[in-house]
Each structure stands twice: as structure tokens, then as C-alpha cells.
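The chains referred to below are lettered A, B, ... by the order of the sequence lines, with proteins before strands, and numbering in each begins at 1.
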Protein chains: 2
Amino acid sequence: MSHKRRSSIAAKRQARVPVFAALGDETRLSLVAKLCGGQAHSISQLTEGSNLTRQAITKHLRVLESAGMVRCVRTGRESRFQFDPEPIEGIKEYLDFVSEQWDQALSRLKSFVEN
Amino acid sequence: MSHKRRSSIAAKRQARVPVFAALGDETRLSLVAKLCGGQAHSISQLTEGSNLTRQAITKHLRVLESAGMVRCVRTGRESRFQFDPEPIEGIKEYLDFVSEQWDQALSRLKSFVEN
DNA sequence: CTAATATGCAACTCGGAGGTTGCGTAAAAT
DNA sequence: ATTTTACGCAACCTCCGAGTTGCATATTAG
């Protein structure tokens, strides 16, 4: 049982890796910052202001899409990307787990010193 | 003022990038999982169980150290690494900002639909 | 003192990430 | 109908990240 829970946590951890990796890039992080405002944007709109090529932005968007953080809907001649909050909620959950582990460790240390 | 706040957010975002990048790797994520338990570990201890070389683990630890997520204290012939929660708190703050933006967008959409 | 342990440093390989350019195509504008 | 706009696809380049190996050094054990 304990073993089963351990591997489940490991599996969850593995699932978080692409999300963290997707956020580990300045360009993609700013794309997320724009898209989380709620409005969907086309590739051209997202390229505007960035000193990168449209193709570069497209690749970054595909990375975000693979991580599930963004969805693409093609309408007419333009494909608009919209934010999806689920993966970020997932990694927040994981980070809370890490923080909790750390806090419990501090508590154990404190009670050890006091006794 | 609004411009000042914008650039401040951009600066904060840039500071978070190395932390996200550090977490965007399965090996490093499992190292964090071990170290956040509170106990400091030597490089050999952290290598044990991993099918990687000690040097590989060392490099990963240096990446985590550069991101400020871990600190190295050399004692005798071994260098022990201990967890530092500050950067993770930082990115949690950033992710909360993103979620808040998204929630506000949903609220605006909802009130728009209702009226 | 000698052997074993724990680590650091440097060179090297290899694959993939980030980025560009060129070209082809569908859709919208004029 | 023609031009412009918004894309997608593919080839290519460059550089860095991940990992290994080999060797040198300091510390601890016997």
C-alpha cells in the first residue's frame, strides 16, 4: 500500500514535468501571461511586440499546447489560442505537497529541539 | 505608474524562469522531492538508487543551487545539500497571480453574459 | 602508512531545443 | 480576379543541456 502510494506520487510527478518545462522559458511565460487574461489571441497577435519570428512563436505555442496549458481553435484563416488553467492547478497542487513536506520536517525538528 | 507596475511584473516573471526550468526535469524534480523531506543528503546518497552517474547528479544539483532551491554545505569530505523553500514560494505566488487573472476574466465574462 | 571513500574538474559526445528562412496554401480584402 | 493576410510544413543551423569518462585531490578508515 505504501509502495503503491509512492509510485502514484512518482507518476504524478512525471506528469508535471512537461508543465514545469513549458514554463521554464521567458517567451512562453510571457505568452501565458498574455493568454491568462482570458482573451484568445491569434498567432500574429501574439507575435506582435515579440522580437521573434511567427514560426518561433508558433513552436512555443505548440509546446504549451502539448503541456495542455493552451488550446488551439482554428476559425477562418486564423488559429486562435486560449488559456487552459488545469495544468497550472496541477503543479500548484504538487508544489503545495512539497511545501507541506517541508513544513512537517520543520515541525519535527522544532519538537525535537524543544524536548 | 501602470507602466512601472508592468515592468515590475515582467522582472519578477524573468526571475521565475530559472526556477521553472530547474523543475522541468524528472531527475531534478525527484531530487527536490527527496530533499524537501527536511534531511540534508550527500551527493553519493542522492546518486544511490538513481541509475545515473554521480557527475550527472552533481550537475543537476548545481542547477538547483543556481536556482536557489538548494544549498550546499561541505563538511569533511562530503558536501551535503539541503532544501531551500524560498524559490518555490516565489513561483507559487506567480502561479496564484496567473490564476487570479484567469478567474477575473471568467467573472467578467459571466457578468457580461448575465447582463 | 595505505587503502577506500567522496568529491571536484575538464574534455568529450550526442540529441534536441530554439530560431530562421523559404515555399506553398487557404481565406479575406479590394 | 488579384492581392494581402494568416498559416502550416520542412529544411537547416547553432548552441546548450544531459550524460559519460578519466584523472586528480582531500578525507576518513583500518
Should I91(B) and L23(B) count as side-chain neighbours, where that means a heavy-atom distance under 4.5 Å? yes

Looking at side-chain heavy atoms only, is the closest gap between Q39(B) and K34(B) below 4.5 Å?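 Side-chain contact under 4.5 Å: no.
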
Counting distance only, does the side-chain N/O of S50(A) pair as donor-acceptor with the main-chain N or O of L52(A) below 3.5 Å?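 Looks like yes, one N/O pair under 3.5 Å.
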
Enumerate the residue pairs fulfilling side-chain hydrogen bond (donor to acceptor under 3.5 Å, both in side chains) with a member in residues 74-85 of chain B, sequence neighbours excluded, ordered by first and then second residue. R71(B)-D84(B)

Can you tell me which residue pairs pass the side-chain hydrogen bond (donor to acceptor under 3.5 Å, both in side chains) test with a partner in residues 86-97 of chain A, sequence neighbours excluded? K12(A)-E93(A), E89(A)-S99(B), K92(A)-D96(B), K92(A)-S99(B), D96(A)-K92(B)

Identify every side-chain donor-acceptor pair in residues 58-68 of chain A under 3.5 Å, counting partners at least two apart or on other chains, and give the distances.
{"from": "T58(A)", "atom 1": "OG1", "to": "R54(A)", "atom 2": "O", "distance (Å)": "2.8"}
{"from": "H60(A)", "atom 1": "ND1", "to": "R28(A)", "atom 2": "NH1", "distance (Å)": "3.1"}
{"from": "R62(A)", "atom 1": "NH1", "to": "E65(A)", "atom 2": "OE1", "distance (Å)": "3.0"}
{"from": "S66(A)", "atom 1": "OG", "to": "R62(A)", "atom 2": "O", "distance (Å)": "3.0"}

On DNA chain C, which is the earliest and which the latest nucleotide, 5' to 3', with an atom closer than 4.0 Å to a heavy atom of chain A? dG18(C) to dA28(C)

Counterpart residues, salt bridge (Lys or Arg N to Asp or Glu O under 4.0 Å), relative to D25(B) (two or more places apart):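 Partners of D25(B) under the salt bridge (Lys or Arg N to Asp or Glu O under 4.0 Å) test: none.
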
Scan nucleotides 6-18 of chain D nucleotide by nucleotide, 5' to 3', and note B when protein non-hydrogen atoms come under 4.0 Å of the base, S if they reach only the sugar-phosphate, - if neither. SBBB--------S

